[in-house]
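As a basis for the values below, the full set of heavy atoms in this structure was taken, side chains included, without hydrogen atoms, waters or symmetry mates.
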Amino acid sequence: MIYLLSFLLTFILCVILVEKPIMKAIPTKRGLHVVDTPTSGGIALLFGFSIAMILNSNTIPFILYILVPMVVVGLLDDKYKIPKLFRFISQITLSILAIYLMNGMNLHPFIIFLIVFLTTYFINAYNFMDGIDLMIVLESIFILLSFLFLIDANSPWVFSIHIMIGVLLIFSLFNYNPAKLFLGNSGSYFLGMYISLLVIGLYFMSNINIITSFIICTIVVADTVYVIFRRFFYKLLSTYHDKKSIKDSIILGIKHITEAHCSHNYQQLTKKLKDHKRVVLLLMLYNALWCFPLAVISANYINYSALCLFVSYTPYIIWCYKNKAGLEIN
């Protein structure tokens, strides 16, 4: 009954957001869509997920104290394009709150710093990857199914993973190309934060080592890290060759990676193939046939985790290089 109510609520809210949009995404030169499209689908995901979590626990679970304000920040960003500083501060604050609520404040300060940094990075990486229809939705489903396969059936995270997969499947009906509804920043922040909390929670419970989590998230992490470094060094070297000082070149390189662009690997592939569906299919095949088996090996043979991570990332990084990810091309 809880599942049915959650999924039905998600469906109804998606229909409302399509028919009576709160806001619309306007096509831009760097985007890969050509028509105004209702956005902020994160509202539907949050409500469908929240009602199930509350009914299942008969209280407000700690995770909602993190996810609700995260979606609010996303909505404000969708509507008003809030300053980057405010966005980062809110994400960092919520990451610290999450560690506190999961009783992790007794960890070494460096570990806490690392968790906060990686959580903030992952939330924004998720936002970067939300650029073509169904891409980040199916990526999220793959990540969640992978964790579901690897963790114990009695894990306290199992129910929330089931619910999240369900609401994502409902949302996919509206995000299928050509999309009738986008996640928006509210949706990408919501999913990025939830998966970050899941990784942290499983790490605290010693169910999944952190390297296995990074293997499962290969496409999100490898794509964004590669693009950041390529854009930074491309700008740094080009400006340094123009007789700029090394200090100015570094500053310009940092500014360059914060500018909006359309040069991630999946975006370059979409420009080449001119088909969202084929690109998503290629990426999901890479996940299922390459990343997932390596994640299973790393989870069962911890001594080989680092090797599995290297094997998982290397082909994708080569793929990024061949597609000139990080460089603006027509």
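Nearest heavy-atom pair across R231 and I257 is CB-CG2, 3.9 Å. When all heavy atoms of S263 and V227 are compared, the pair lying nearest together is O-CG2, 4.0 Å. The two residues L273 and R278 make their nearest non-hydrogen contact at CD2-NH2, 3.7 Å. Scanning both residues, I297 and C308, for their nearest heavy atoms gives CG2-SG, 3.6 Å. Residues I215 and T218 share a closest heavy-atom pair of O-OG1, 2.5 Å. Shortest non-hydrogen contact noted between Y65 and L94 is O-CD2, 4.3 Å.
Residues N265 and Y226 have side chains that never bring a donor and an acceptor to within less than 3.5 angstrom of each other. Side-chain contact, S140 with Y194: no donor N or O sits under 3.5 Å from an acceptor N or O. D152 and S155 share no side-chain donor-acceptor pair at under 3.5 Å. No hydrogens or angles considered: a donor-acceptor pair under 3.5 Å links the side chains of N127 and S188.
Once rounded to the nearest 0.5 Å, the distance linking CD1 of I22 with CG of L17 reads 5.5 Å. In this structure, CD on E139 lies 6.5 Å from CE on M129, to the nearest 0.5 angstrom. A distance of 8.5 Å separates OG in S40 from CG in L181, rounded to the nearest 0.5 Å. Distance check, rounded to the nearest 0.5 Å: NZ of K235 to CD of E259 gives 7.0 Å. In this structure, CD1 in I99 is found 11.0 Å from CG in N106, a value given to the nearest 0.5 Å. How far CG of L191 is from CD1 of I143: 9.5 Å, rounded to the nearest 0.5 Å.
Two residues are said to be in side-chain contact when any heavy atoms from C-beta on lie closer than 4.5 Å; I54 and P61 meet this criterion. Between R230 and L327 the shortest side-chain heavy-atom distance falls below 4.5 Å. Within the 4.5 Å cutoff, the side chain of H264 has heavy atoms near those of the T224 side chain. Residues L101 and I66 have side chains in contact (heavy-atom distance under 4.5 Å, counting atoms from C-beta outward). At a threshold of 4.5 Å between non-hydrogen side-chain atoms, the residues C217 and F122 count as touching. Residues K277 and L281 fail the side-chain proximity criterion, which asks for heavy atoms closer than 4.5 Å. The shortest distance between side-chain heavy atoms of C291 and I216 does not fall below 4.5 Å. In this structure, I151 and M205 have side chains that are not in contact, with every pair of non-hydrogen atoms separated by 4.5 Å or more.
Atom CZ of F47 sits in a sparse spot, with 12 or fewer heavy atoms from other residues, nucleotides or ligands closer than 6.0 Å. Crowding of F159 atom CZ: a count of heavy atoms from other residues, nucleotides or ligands under 6.0 Å exceeding 12. Heavy atoms from other residues, nucleotides or ligands lying under 6.0 Å from CZ of F232 number more than 12. Within a 6.0 Å sphere centred on CZ of F86, heavy atoms belonging to other residues, nucleotides or ligands number 12 at most. The local environment of CG in L307 is crowded, with over 12 non-hydrogen atoms from other residues, nucleotides or ligands closer than 6.0 Å. Y203 OH: 12 or fewer foreign heavy atoms inside a 6.0 Å radius.
Not a single donor-acceptor pair under 3.5 Å links the side chain of S6 to the backbone N or O of I2. N177 places no side-chain N or O within donor-acceptor distance of the main-chain N or O of H276, the cut-off being under 3.5 Å. A donor-acceptor pair under 3.5 Å links the side-chain atoms of N124 to the main chain of T120, judged by distance alone. Looking only at distances, no side-chain donor or acceptor of T314 sits under 3.5 Å from a matching main-chain atom of V311. Side-chain atoms of N175 never come within 3.5 Å of backbone atoms of F171 as a donor-acceptor pair (strictly under, hydrogens ignored). A donor-acceptor pair under 3.5 Å is formed between the side chain of D78 and the backbone N or O of S186. The backbone N or O of G131 lies less than 3.5 Å from a partner atom in the side chain of Y266, making a donor-acceptor pair.
In this structure, Y3 and H162 have tilted ring planes: the angle between them lies in the 30° to 60° band. Using a 30° and 60° split on the angle between ring planes, Y304 and Y301 fall in the perpendicular class, above 60°. Using bins of under 30°, 30° to 60° and over 60° for the plane-to-plane angle, the ring pair W319/Y316 lands in the perpendicular bin.
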Could you check N209 against T212 for side-chain hydrogen bond (donor to acceptor under 3.5 Å, both in side chains), going step by step and ending with a plain yes or no? CA-CA 6 Å; N209 72 70; T212 299; 3.0 Å; yes
Chi angles and distances behind the side-chain contact (heavy atoms from CB on, under 4.5 Å) call for K272, N323: CA-CA 9 Å; K272 287 182 178 180; N323 287 325; 2.7 Å; yes
Check the pair S213 / L202 against side-chain contact (heavy atoms from CB on, under 4.5 Å), numbers first and verdict last. CA-CA 9 Å; S213 295; L202 294 177; 5.9 Å; no
Where do V72 and Y189 land on the side-chain contact (heavy atoms from CB on, under 4.5 Å) test, with the steps shown first? CA-CA 10 Å; V72 171; Y189 291 175; over 6 Å; no
With side-chain contact (heavy atoms from CB on, under 4.5 Å) as the test, would you mind laying out the steps for F117 and I92 before giving the verdict? CA-CA 8 Å; F117 173 79; I92 290 169; over 6 Å; no
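Note: the hydrophobic cluster containing I89 does not contain L76 (ILVMFWY, side chain heavy atoms under 4.5 Å, direct or indirect links). Each of L4 and I163 belongs to its own hydrophobic cluster when Ile, Leu, Val, Met, Phe, Trp and Tyr are linked at side-chain heavy-atom distances under 4.5 angstrom. Taken together through direct or relayed side-chain contacts under 4.5 Å among Ile, Leu, Val, Met, Phe, Trp and Tyr, L285 and V279 form parts of separate hydrophobic clusters. Residues I302 and V199 fall into different hydrophobic clusters, defined by Ile, Leu, Val, Met, Phe, Trp and Tyr side chains chained together at heavy-atom separations under 4.5 Å. Both L173 and L169 belong to a common hydrophobic cluster when Ile, Leu, Val, Met, Phe, Trp and Tyr are linked at side-chain heavy-atom distances under 4.5 angstrom.
Counting only residues at least two apart or on different chains, no salt bridge (Lys or Arg N to Asp or Glu O under 4.0 Å) pair has a member in residues 118-129.
Under the 6.0 Å cut-off for aromatic ring centres, F128 and Y121 do not qualify, their centroids lying 6.0 Å or more apart. Side-chain rings of F149 and F292 approach one another, their centers coming within less than 6.0 Å.
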